[in-house]
Amino acid sequence: MPRTRNLSSSELLSVVDANGMSEYHSAMSKYPFNEIEKKWQEYWDEQKTFKVTEDPSVPEEKRLYVLDMFPYPSSQGLHVGHPEGYTASDIYSRFMRMRGYKVLHPMGFDSFGLPAENYAIKTGTQPRVTTEENINLFINQIKTLGFSYDWDRQVSTHRPEYFKWTQWIFLKLFEQGLAYEDEAPINWCPSCKTGLANEEVKEGRCDRCGAEVNRKSIRQWILKITEYADRLLEDLELLDWTESIKSMQRNWIGRSEGADVKFKLADGSEEFEVYTTRPDTLFGATYMVLSPEHPLVEQVTTEARCADVQTYLEEAQKKSDLERTDLAKDKTGVFTGSYAINPVNGKEIPIWVADYVLISYGSGAIMAVPGHDQRDWEFAKKFDLPIIEVLQGGDVQKEAFIGDGLHVNSEFLDGLNKEDSIEKIITWLESKGLGKRAVNYKLRDWIFSRQRYWGEPIPIVHCDECGPIPLPEEELPLTLPEVESYKPTGTGESPLAAIDEWVNTTCPKCGGPGKRETNTMPQWAGSCWYYLRYLDPKNETQLADLDKIKYWMPVDLYVGGAEHAVLHLLYARFWHKVLYDIGVVNTKEPFQRLVNQGMILGEGGVKMSKSLGNVINPDDIIRDFGADSMRMYEMFMGPLQVSKAWSTKGLAGVHRFLDRVWRVSDRPVIDEEPPKHYLQLLHKTIKKVTEDTEGLEFNTAIAQMMIFINEIFQEKQIYRALWEPFVQLISPYAPHLGEEMWVKLGNTPSISDTPWPQWEEELTREEEVTVVLQVNGKVRAKVNLPAGTEEETLKKTAIENERIAQWTGGKQVVKVIAVKDKLVNIVVK
RNA sequence: GCGAGAGUGGUGAAAUUGGUAGACACGCUAGAUUUAGGAUCUAGUGCCGUUGCGGCGUAAGGGUUCAAGUCCCUUCUCUCGCACCA
C-alpha cells in the first residue's frame with residue numbers, strides 16, 4: 001500500500017486509455033530544471049553545505065583533497081572545457097563525501113595575466129577592475145553548474161593578501177641563492193613585448209600569442225630550477241600520474257650522461273671543453289665545432305679566415321630561432337683556420353663554427369664524430385671532412401652508425417662494445433686529467449621576470465652601493481602602483497619603470513637611494529602554490545599553518561588539462577620542493593594523483609574556435625537543458641581522459657534520460673518489498689556505479705543508471721527500497737535533481753549528507769547464465785543454465801545439444817573445453 | 001627523427017584473468033499517439049547473402065592458442081609532446 005503519494009502535475013494529467021493502461025506522460029513532463037537548480041544552488045550557498053574544517057577526529061585516511069586547476073578569469077567566461085574537469089572532480093568529491101570522507105574541494109582564480117593588461121592598453125580600464133568583474137562573472141557561472149566547492153576558501157592570485165606570500169616565497173628563493181640576475185640572450189616575444197621561459201616557447205613561437213620568438217639580451221631574474229633537476233626527475237617515481245605526462249617531464253628535464261673532454265688548441269695557447277655522451281668515439285673525432293656565440297670564436301679565427309667567419313656570425317645572428325632549428329635546412333658553417341689536438345691520439349683536427357651547435361647546451365662546443373652522429377655526418381658530407389669508422393656495424397660512408405658494435409681504429413678500445421668502452425675511456429681520461437664524467441640537462445634555468453605590469457612586483461631594491469637587496473618581509477606585500485599607461489615599453493623595462501615615485505625608494509640595507517625592480521613575475525608564480533593557500537586562505541602571519549598543511553597535503557586528486565604538463569606542473573613541483581627544504585611543507589611532492597581531462601572538440605571533431613563559429617557556450621546549454629544535463633552529458637561523452645567531439649544531439653539524449661528519471665519520481669511510492677529481479681538490478685547498479693565512480697569511469701556508470709531506469713520505467717509505481725538508493729547514486733552526477741527527488745521522497749536535505757548505498761554481493765550475482773556452445777571456436781548455440789553449473793555437466797549439455805550435434809555429426813571429437821558460466825568449445829576433426 | 005598514446009558500426013563509445021564483439025547513447029527505419037516549446041511510446045538497426053539459416057567482421061598482414069579487440073612480430077594511419085640537446 002502506498003504510504004506516501006506524491007502530488008504531481010503528471011499524475012493529475014495522466015491518461016488512462018481504453019485498455020486501462022495509464023501513461024504517466026504529459027505536457028508537463030519536462031522537468032523544471034530551472035527552478036530546481038536555482039533552488040538548490042541557493043540552499044547550498046546559504047547552508048554552506050560543502051564547508052570543511054580541520055576536524056582532528058577525522059582519521060587521516062578519511063581526509064581527501066580534491067583539486068581543480070583554477071581558471072584564468074577571462075572576459076569570455078567559461079567555455080565547455082572548464083566544466084568537464086570540474087564536473088569530474090565534483091562527482092568524485094560528492095561521491096567520496098557520501099562514503100564518509102572529509103573532502104576539501106576549493107576553487108579560486110589565477111588572476112594575474114596578459115589579457116587583462118592588454119585590455120587595459122586598449123581601453124585604459126584598470127586590470128584590477130576588469131579582473132574583479134571577470135572573477136564575479138566566473139563565480140556566477142561556476143555556481144550555475146552546482147559544484148560543491150567550499151567557497152570560503154576562495155583565493156585570487158592578484159589580491160595583495162595573496163601575492164604577499166608569492167613575494168615571500170620569492171624572497172626565500174633569493175635567500176637560498178635560487179634567484180639570480182643575469183643579462184643573457186633570452187626568448188623574446190615581440191608581440192607580448194616580454195621575455196619568455198623556454199617552457200613558454202612552442203615550435204619557436206610564443207605559446208600565448210603565436211608570434212615568432214626572437215633573441216634579445218636583457219637583464220633578467222632567473223630561478224635555478226636546474227639545481228632541482230635530479231630531484232624533479234627522480235621523484236616522478238613517487239607520483240600517480242599518467243606515463244605520458246611523466247615522460248614529457250622526463251624529456252623536458254632531459255638528463256644525459258657522458259663526459260667533459262678537454263681539447264687544446266694546436267698552438268697550445270688555450271684549452272676548451274666539450275661535452276659528449278659518446279666519449280668512446282673520440283678516435284673518430286675529425287673536427288671540432290664551436291657555436292657562433294662561443295667566447296673562443298674570435299681568438300681561434302685566423303686572419304685569413306676572419307672575413308668569412310665574420311660574415312657567417314652576422315648571418316647566424318640574423319636567423320630567428322625558428323630558422324636555426326629548422327631541420328629541413330642545410331647545415332651551415334665556416335672554418336676558423338685553427339686546429340685543436342685530439343687528446344687521445346694527438347692528431348690535429350680543424351675547428352669550425354656552425355650554428356647547429358647551440359651555445360646554451362653543454363659548453364657550446366662539440367667534438368664532431370661524423371661516423372657515428374647523424375648531424376656531424378651531414379656536416380662532414382657537405383664540407384668534405386673525413387669520416388672515420390670507430391664502431392663496426394654499419395657503413396659510415398652511407399650514413400652515421402649510431403648502434404652498438406665492436407670498436408675499431410681506437411687503439412685500446414678496439415674490440416670493446418659501446419658500454420664497456422665508454423667506461424674505459426672515461427677512466428682513462430680522468431686518470432690523465434683530460435676529462436671527467438659529466439651529466440647534462442636539457443632543462444634550463446627559469447627566466448622568471450616579465451617586462452609587463454599586471455603581475456606580482458619582484459620585491460627587490462637595486463642599490464648602487466649594495467646591489468640587489470630584498471625587501472624586508474614586513475614591507476610585503478609590495479603592491480602595484482596606479483599607472484597612466486599600461487603599454488609595455490619594449491625596451492626591456494616594464495611600464496612600472498615610468499612611475500618615479502614608485503621606483504625611487506631607499507635601500508633597505510644602507511638607507512641610501514635605491515630603485516625598485518620594475519620587472520614583474522610571470523603568471524606561473526601565483527599558480528605555483530595556490531593549492532597551499534586554500535588550506536589557510538586568511539592567514540596573515542604565514543603562507544599557511546603547517547598543521548593545516550599536514551592535515552590535508554598532498555593533493556589526493558588533481559584534475560586539469562594536459563597543456564600544463566611541463567609548465568605549471570614542473571614549476572609548482574620545483575617551488576614545492578624548495579618549500580619542503582625550508583620546512584614550510586611536509587611532503588616532497590604536491591600532487592599525488594593527476595588526471596588530465598581530454599579536450600572537448602566542436603561537432604564533427606574539429607577544434608572549437610571563434611573563427612569556425614562552433615563554440616559552445618555553457619550558459620546557453622544550462623539555460624536550455626539545465627546544469628545537470630550539461631554535467632551528465634560531458635561525463636557520458638566518453639572516457640574523461642580522451643578528446644571527444646561535442647554533440648548537441650547527444651546532450652539532448654542525456655537530457656531525455658534525466659527527464660525520464662524525473663517522470664519516474666512523479667509516480668506513487670510504495671513501501672512493499674520489491675521483486676527480486678529488481679533488487680538484483682539495483683545491487684548490480686550500486687556495484688557498477690560505485691566502482692566506476694571510484695575509478696573516474698563516469699561514462700559507464702551513467703550507462704548502468706540508464707539500464708536501471710529503462711527497466712524500472714515499466715512500473716507504474718516506484719518501490720521506495722529501489723528508488724531511494726538510486727536517487728543517492730545519481731545525486732553526485734545530477735546533484736540538483738538528486739536533492740529535489742530526495743525531498744520529494746519525504747526526506748530532509750541534504751542528500752550529500754547521506755551514506756552511500758551498499759550492495760550485497762549475493763544479489764549482484766546472476767542465478768542463471770547464458771552459456772555459449774561452440775564448435776571449433778564458432779558459436780553454434782546458447783543455453784541458459786544455473787550459475788555455477790559444473791564443467792562436466794556443461795560438456796554433457798553441449799554434446800547432447802541437438803544444434804551442436806548437427807555440427808559435430810560424423811566428425812571426431814578431439815577435445816572439449818568447458819569454462820564455468822561462460823562456454824563450452826568442442827573441437828572436432 | 002626521438003618519446004608517449006591511440007586506431008572497434010553511419011556517430012560517441014562498451015567489453016575482469018584471452019572466453020557471446022558492439023552494452024549504453026546518438027542517428028536512422030517502421031509503427032502508435034490531435035503530439036506546444038529540442039515531444040512521448042513500441043519494435044528494428046555491424047556488414048553481406050538465396051534471411052526460420054549461413055558467411056564475414058575490432059587499421060593491414062602474419063603468429064601463439066581449443067579460443068585473440070585483448071598476447072607476440074611486421075607494416076600503415078592519426079593525436080600529443082620534444083625537436084640539430086652532441
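Throughout, protein chains are lettered first and strands after them, A, B, ... in sequence-line order, and every chain is numbered starting at 1. Just the heavy atoms: all of them, side chains too, but no hydrogens, waters or symmetry mates, feed the values below.
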Verify the contact: side-chain N or O of [X] to OP1 or OP2 of [N], cut-off strictly under 4.0 Å; return yes or no.
X: A:Arg656; N: B:C41; value: no
X: A:Thr700; N: B:C24; value: no
X: A:Lys778; N: B:C66; value: no
X: A:Asn710; N: B:A25; value: yes
X: A:Arg803; N: B:C53; value: no
X: A:Arg623; N: B:G38; value: no
X: A:Asn699; N: B:A14; value: yes

Minimum-distance nucleotide to [X] side chain [options: [options]]:
X: A:Tyr361; options: B:U20, B:A86, B:G38; value: B:A86
X: A:Lys782; options: B:C26, B:U20, B:A86; value: B:U20
X: A:Val642; options: B:C41, B:A13, B:A83; value: B:A13
X: A:Met706; options: B:U20, B:G38, B:C24; value: B:C24
X: A:Ser244; options: B:A23, B:G19, B:A4; value: B:A4
X: A:Ile707; options: B:C26, B:C66, B:A23; value: B:A23

Take atom CG of A:Asn825 and atom P of B:G18, then tell me their distance rounded to the nearest Å. 17 Å
Position toward the 5' end of RNA chain B (nearest nucleotide), A:Asp624 or A:Arg780: A:Asp624
Of A:Ile817 and A:Pro639, the one whose nearest nucleotide on RNA chain B sits closer to the 5' end is A:Pro639
Hey, do the aromatic rings of [X] and [Y] have their centres closer than 6.0 Å?
X: A:Phe379; Y: A:Tyr287; result: yes
X: A:Phe625; Y: A:Phe33; result: no
X: A:Tyr633; Y: A:Trp646; result: yes

Assign the ring pair A:Tyr31 / A:Trp662 to parallel, tilted or perpendicular, where the plane angle (0 to 90°) is split at 30° and 60°. tilted
Mind checking A:Phe657 for me? I need base, sugar-phosphate or nothing, with any heavy atom below 4.0 Å counting as a touch. nothing
Describe the nucleic acid contact of A:Val819 in one word from base, sugar-phosphate, nothing, applying a heavy-atom distance below 4.0 Å. base
Separation of the P atoms in B:C71 and B:U17, to the nearest angstrom: 10 Å
Checking only heavy atoms, does the side chain of A:Lys331 share a donor-acceptor pair with the base of B:C84 at less than 3.5 Å? yes
Close N/O contacts between protein and nucleotides 7-12 of chain B (under 3.5 Å):
from, atom 1, to, atom 2, distance (Å)
B:G12, O2', A:Met637, O, 2.5

Can the positive tip of A:Arg631 be found less than 6.0 Å from the middle of the six-membered ring of A:Tyr733, inside 45° of the ring normal? no
In RNA chain B, consecutive runs of at least three Watson-Crick or G-U pairs below 3.5 Å, as range with range, amount to B:1-7 with B:76-82, B:10-12 with B:24-26, B:27-32 with B:40-45, B:46-49 with B:53-56, B:59-63 with B:71-75
